Q: 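I am attaching a structure below and will ask some questions about it afterwards.
Keep in mind that what you see is a predicted model, and the values were worked out from it rather than measured. Nothing fancy with the numbering, it's 1 onward along the sequence.
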Amino acid sequence: MTETQAREALVRYGRSLFARGYSCGTSGNLSVRLEAGGYLMSPTNISLGQLDPGCLSTLDSKGVHVDGPVPTKEAWLHLAMYRSRPDDSAVVHLHSTYATALSCLSDRPDDDVLPAMTPYVVMRVGRVARVPYARPGDHTLSATISSLAIAHRAVLLANHGPVVSGASLDAAVAAAEELEETAKLFFVLGDRPHRLLDAEQIDELRRVFGS
Ligand SMILES: [Zn+2]
């Protein structure tokens with residue numbers, strides 16, 4: 001993907017996510033890792049619905065802002081994911097309603113917050129880990145997120161929202177959407193008796209689809 005294509009894709013997905021209610025106000029941010037090195041990110045204090053291909057933030061390969069408007073204040077989240085996932089080229093961070101609600105639940109295990117409810121969440125998202133709460137602007141969880149990102153493409157920030165990476169922007173967005181919709185299923189089912197995929201079924205999906 002050329003830089004021009006990456007700019008257009010960020011704008012297209014930003015508008016789509018905003019229009020469908022995945023990011024309200026100025027919450028949420030998107031990034032891609034450029035083939036030529038460095039990153040393109042959504043700027044700070046802008047709605048994902050109002051991104052402009054000529055007005056995105058450019059960071060160099062060390063994560064230093066080098067061109068365009070000031071990047072999102074959550075750029076460090078994206079860089080923490082990229083550090084541990086060299087084959088991934090996009091990161092999506094949202095404050096989407098159900099995934100954020102899930103991030104607040106105190107009775108879910110931190111190493112497996114979202115139950116394996118459907119084959120699609122296993123294939124597209126995998127096991128979801130959670131990091132403790134930190135106030136906005138506190139980067140102390142950067143190393144923890146990088147460490148979890150080695151084995152997880154989706155990390156929930158407690159009382160905040162999901163961070164999801166993917167081999168492409170298409171894949172990262174699809175995984176963030178799948179996470180949100182599966183979190184919604186979790187709350188829709190609530191306390192009603194239900195079954196989850198068992199370990200054998202999860203192993204079969206990983207074997208067949210390499211997820
Ligand atoms: Zn956030």
Side-chain angles (χ1 to χ4, degrees), residues 13-14 17-18 20-31 41-42 48 72-85 88 90-167 169 171-190 194 196-197 202 205-206 211:
Y13 275 120
L17 288 166
F18 180 80
R20 290 178 294 138
Y22 286 97
S23 72
C24 293
T26 57
S27 73
N29 29 76
L30 311 176
S31 69
M41 286 194 192
S42 49
L48 288 187
T72 165
K73 287 187 274 299
E74 296 176 312
W76 65 277
L77 284 177
H78 296 244
L79 297 170
M81 295 295 281
Y82 286 124
R83 259 199 300 280
S84 296
R85 303 189 64 81
D88 281 358
V91 172
V92 173
H93 167 55
L94 300 171
H95 299 175
S96 50
T97 308
Y98 289 93
T100 303
L102 185 68
S103 82
C104 301
L105 289 185
S106 55
D107 60 352
R108 292 296 310 161
D110 285 334
D111 63 346
D112 192 14
V113 194
L114 184 61
M117 305 179 75
T118 69
Y120 308 100
V121 76
V122 174
M123 293 188 287
R124 293 183 184 145
V125 183
R127 188 182 277 243
V128 179
R130 174 169 55 185
V131 297
Y133 171 77
R135 66 165 170 77
D138 179 348
H139 303 182
T140 52
L141 291 173
S142 179
T144 307
I145 291 169
S146 282
S147 154
L148 286 170
I150 294 169
H152 300 83
R153 79 192 77 137
V155 175
L156 272 185
L157 313 174
N159 304 78
H160 182 161
V163 190
V164 184
S165 87
L169 188 56
V173 170
E177 291 177 5
E178 195 67 43
L179 196 168
E180 175 66 9
E181 296 308 314
T182 310
K184 187 174 181 178
L185 290 178
F186 177 83
F187 286 104
V188 166
L189 284 167
H194 59 273
L196 303 172
L197 299 194
I202 293 169
L205 291 167
R206 291 185 176 143
S211 53

Q: Have H95 and H160 got a donor and an acceptor in their side chains that come within less than 3.5 Å?
A: yes
Q: How many angstroms lie between atom OG1 of T118 and atom CE of M123, to the nearest 0.5 angstrom?
A: 7.5 Å
Q: Which atoms form the tightest heavy-atom contact between L179 and A99, and what is the distance?
A: CD2-CB, 3.6 Å
Q: What's the shortest heavy-atom distance between F186 and R108, and which atoms?
A: CZ-CD, 3.9 Å
Q: Checking F187 against L102 for the side-chain contact (heavy atoms from CB on, under 4.5 Å) test, could you report, in this order, the C-alpha distance in whole Å, the side-chain angles of both residues, the deciding distance, and whether it holds?
A: CA-CA 8 Å; F187 286 104; L102 185 68; 4.1 Å; yes
Q: If you look at every heavy atom in L17 and E177, which pair is closest and at what distance?
A: CD2-OE2, 4.0 Å
Q: If you look at every heavy atom in M41 and A75, which pair is closest and at what distance?
A: SD-CB, 3.5 Å
Q: M81 and side-chain contact (heavy atoms from CB on, under 4.5 Å): which partner among L148, V164, I145?
A: I145
Q: Would a distance-only check, ignoring hydrogens and angles, find a side-chain to backbone donor-acceptor pair under 3.5 Å from S27 to S23?
A: no
Q: Any sub-3.5 Å donor-acceptor pair from T100's side-chain atoms to S96's backbone N or O?
A: yes
Q: Working to the nearest 0.5 angstrom, can you tell me the gap between Y120 OH and E178 CD?
A: 8.5 Å
Q: What distance do N29 atom CG and L94 atom CG have between them, rounded to the nearest 0.5 Å?
A: 8.0 Å
Q: Hey, is the main chain of R83 close enough, under 3.5 Å, to the side chain of S146 for a donor-acceptor pair?
A: no
Q: As an exercise, state the distance from CG of L30 to NE2 of H93, rounded to the nearest 0.5 Å.
A: 10.5 Å
Q: Measure the OG1-CG distance between T144 and L157 for me, rounded to the nearest 0.5 Å.
A: 11.0 Å
Q: For the residue pair V121 and P115, what are the closest heavy atoms and their distance?
A: CG1-O, 4.3 Å
Q: Is V128 close to V155 at the side-chain level, that is, under 4.5 Å between some pair of heavy atoms?
A: no
Q: Decide side-chain contact (heavy atoms from CB on, under 4.5 Å) for V125 and T182; before the verdict, give the C-alpha distance in whole Å, the side-chain angles of both, and the deciding distance to 0.1 Å.
A: CA-CA 10 Å; V125 183; T182 310; 5.9 Å; no
Q: Which heavy atom in R130 sits nearest to a heavy atom in L105, and how many Å separate them?
A: NH1-O, 2.6 Å
Q: Would you say Y82 and S31 are linked by a side-chain donor-acceptor pair, where the criterion is simply a distance under 3.5 Å?
A: yes
Q: Going by atom types only, do S165 and R153 share a side-chain donor-acceptor pair under 3.5 Å?
A: no
Q: Could you tell me whether the side chain of E180 and the main chain of Y98 form a donor-acceptor pair under 3.5 Å?
A: yes
Q: Do side-chain atoms of D138 reach the backbone of T140 as a donor and acceptor pair under 3.5 angstrom?
A: yes
Q: Drop me the distance from Y133's OH to N159's CG, to the nearest 0.5 angstrom.
A: 7.5 Å
